[in-house]
Undergrad: 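Next up is a structure, given as structure tokens.
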Amino acid sequence: MVTGLAGAGLALAASAPACAADKARRPKPAAPAPAPAEEPAIPSAAATRVADWIAASGDNRGLPYIIVDKQDAALFLFDAKGKPLGRAPVLIGVAPGDEATPGIGSKNLAEIGPAEKTTPAGRFLAKYGMAAGKQRVLWVDYATSVALHPIPPGASKKERRRQRMLSPTPEDNRITFGCINVPQAFYGKRVRPLFQRKGGYVYVLPDTKPIEAVFPRLRVQAVSGGAAPDNLGG
């Protein structure tokens with residue numbers, strides 16, 4: 001048996017939770033993995049270009065605005081000062097194309113052919129108004145019956161609109177008659193509070209036309225490297 005001070009010293013060493021030698025032998029904790037890079041708020045070059053032009057020129061006229069990127073099936077929301085407020089997936093018209101068929105606004109849904117189910121591109125002053133079924137929707141272009149709203153409750157289950165909206169790719173997001181469908185929560189919590197009083201602008205990017213053909217002011221921005229003159233049409 002070990003006695004005296006030597007024994008006491010051994011006992012203390014044995015009962016100590018850790019010592020310098022133990023710490024030296026312990027492997028150093030691994031450095032935390034770097035956080036994944038955040039996805040850019042506006043991933044496409046075309047949408048970024050339009051957003052920069054709006055911010056530089058004040059084209060939104062002090063109103064909130066939305067950029068719809070048809071090729072990415074995505075929507076980007078901004079307040080009146082140009083602050084980004086979020087993005088969301090969208091469903092758009094079945095057929096590619098940037099023009100609405102003349103007179104389509106007066107047709108019944110059953111009369112609209114597949115090639116006519118397009119979401120037109122352009123700059124639209126959107127305002128709330130009544131639609132069929134006494135529903136209040138954000139009319140993007142009333143004349144062609146294009147509105148922005150959640151997935152209609154009466155949409156056919158065979159269309160699988162919710163699944164299409166939640167899919168990770170934009171390839172299956174073409175399913176509507178031309179309207180722009182957005183997630184219910186995003187619409188109710190973000191879009192409606194901003195647009196319900198005075199409306200706002202909706203910029204729909206083309207998928208067949210050159211972007212400068214739809215937004216001519218972009219040519220001026222490219223040449224000047226800044227804001228477009230306020231008296232040019234667009």
Side-chain angles (χ1 to χ4, degrees), residues 37-93 98 119-129 136-142 146-151 165 170 173 176 178-207 209 211-222 224-234:
E38 290 187 7
E39 186 178 1
I42 305 180
S44 80
T48 301
R49 189 177 172 193
V50 171
D52 289 346
W53 156 60
I54 297 168
S57 65
D59 187 78
N60 60 306
R61 302 294 189 268
L63 292 173
Y65 58 98
I66 284 169
I67 297 174
V68 176
D69 189 337
K70 288 198 288 179
Q71 293 192 19
D72 280 354
L75 172 155
F76 307 95
L77 178 66
F78 300 82
D79 69 10
K81 295 181 179 179
K83 178 183 177 182
L85 297 179
R87 61 174 291 182
V90 294
L91 301 179
I92 55 175
D98 300 313
T119 300
R123 172 184 182 266
F124 304 95
L125 179 56
K127 292 188 177 183
Y128 270 93
R136 206 162 172 264
V137 299
L138 182 61
W139 285 110
V140 175
D141 187 20
Y142 185 83
V146 175
L148 189 149
H149 55 78
I151 296 172
M165 185 177 282
N173 288 47
T176 78
C179 285
I180 302 163
N181 290 176
V182 299
Q184 175 74 52
F186 187 87
Y187 179 82
K189 293 179 181 179
R190 298 194 182 185
V191 175
R192 186 162 50 203
L194 276 181
F195 282 74
Q196 64 184 351
R197 290 187 61 216
K198 297 182 179 180
Y201 284 94
V202 175
Y203 299 83
V204 182
L205 275 57
D207 52 19
K209 289 183 175 183
I211 194 168
E212 291 87 355
V214 177
F215 305 109
R217 286 187 171 190
L218 290 176
R219 293 195 188 99
V220 179
Q221 184 196 35
S224 66
D230 200 42
N231 59 351
L232 288 179

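Sequential numbering from 1 along the given sequence is applied to the chain's residues. Bear in mind the structure is a predicted one, so any value in this text is a computation, not a measurement.
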Undergrad: About how many Å separate OG1 of T48 and CZ of F76, when rounded to the nearest 0.5 Å?
TA: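 Answer rounded to 0.5 Å: 7.5 Å.
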Undergrad: What is the distance from atom CG of D141 to atom CG of L125, rounded to the nearest 0.5 Å?
TA: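 Rounded to the nearest 0.5 Å, the CG-CG separation comes to 10.5 Å.
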Undergrad: Please, which pairs that meet salt bridge (charged side-chain N to carboxylate O under 4.0 Å, His left out) have at least one residue in residues 73-85, sequence neighbours excluded?
TA: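 As it turns out, there is no salt bridge (charged side-chain N to carboxylate O under 4.0 Å, His left out) pair with a partner in residues 73-85 once direct neighbours are skipped.
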Undergrad: Would you please name every residue forming a side-chain contact (heavy atoms from CB on, under 4.5 Å) with R197, sequence neighbours left out?
TA: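 R197: no side-chain contact (heavy atoms from CB on, under 4.5 Å) contacts found.
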Undergrad: Locate the shortest heavy-atom distance separating V50 from Y203; write the atom from each residue and the value.
TA: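 The pair with the smallest heavy-atom distance is CG1-CB, 4.5 Å.
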Undergrad: Which of these passes side-chain contact (heavy atoms from CB on, under 4.5 Å) with L75: V182, V204, N181, I92?
TA: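 Passing option: V182.
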Undergrad: Work out which heavy atom in H149 is nearest to a heavy atom in Y187; give both atom names and the distance.
TA: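 Looks like CA-CE1, 3.8 Å.
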Undergrad: Nearest 0.5 Å, what's the CH2-CD1 distance between W53 and I211?
TA: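 The CD1 atom of I211 is 9.0 Å from CH2 of W53, to the nearest 0.5 Å.
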Undergrad: Within the side chain of R190, is there an N or O that forms a donor-acceptor pair under 3.5 Å with the backbone of L85?
TA: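 Answer holds: yes.
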Undergrad: Just distance, no hydrogens or angles: give the donor-acceptor pairs under 3.5 Å from side chains in residues 62-71, sequence neighbours left out.
TA:
residue: D69; atom: OD1; partner: Q71; partner atom: N; Å: 3.3
residue: D69; atom: OD1; partner: D72; partner atom: N; Å: 3.4
residue: D69; atom: OD2; partner: S44; partner atom: OG; Å: 2.6
residue: K70; atom: NZ; partner: G97; partner atom: O; Å: 2.8
residue: K70; atom: NZ; partner: D98; partner atom: OD1; Å: 2.9
residue: K70; atom: NZ; partner: T119; partner atom: O; Å: 2.6

Undergrad: Please name all residues satisfying salt bridge (Lys or Arg N to Asp or Glu O under 4.0 Å) with K189, sequence neighbours left out, ordered by chain then number.
TA: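 Residues passing salt bridge (Lys or Arg N to Asp or Glu O under 4.0 Å) with K189: none at all.
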Undergrad: I'd like to check the ring pair (Phe, Tyr, Trp, His ring centres under 6.0 Å) partners of Y142; sequence neighbours left out, ordered by chain and number.
TA: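 Ring pair (Phe, Tyr, Trp, His ring centres under 6.0 Å) check on Y142 returns W139.
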Undergrad: For the residue pair V140 and A126, what are the closest heavy atoms and their distance?
TA: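 The answer is CA-CB, 4.1 Å.
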Undergrad: Work out which heavy atom in A147 is nearest to a heavy atom in V137; give both atom names and the distance.
TA: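 For A147 and V137, the tightest heavy-atom pair comes out as CB-CG2, 3.8 Å.
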Undergrad: Which atom names give the shortest non-hydrogen contact between F215 and P206, and what distance separates them?
TA: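 Heavy atoms only, the tightest pair is CE1-CD, 4.3 Å.
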Undergrad: For residues F186 and L77, determine if any side-chain heavy atom of one lies less than 4.5 Å from a side-chain heavy atom of the other.
TA: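 Side-chain contact under 4.5 Å: yes.
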Undergrad: Under the rule for side-chain contact (heavy atoms from CB on, under 4.5 Å), what residues qualify as partners of P89, not counting sequence neighbours?
TA: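 Partners of P89 under the side-chain contact (heavy atoms from CB on, under 4.5 Å) test: M165, P183.
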Undergrad: Between E212 and R49, which heavy-atom pair has the shortest distance, and what is it?
TA: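 Distance-wise, the nearest heavy atoms are OE2-NH1, 2.8 Å.
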Undergrad: With distance as the sole test, does R123 use its side chain to make a donor-acceptor pair with the main-chain N or O of D59 at under 3.5 Å?
TA: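 It does hold such a pair.
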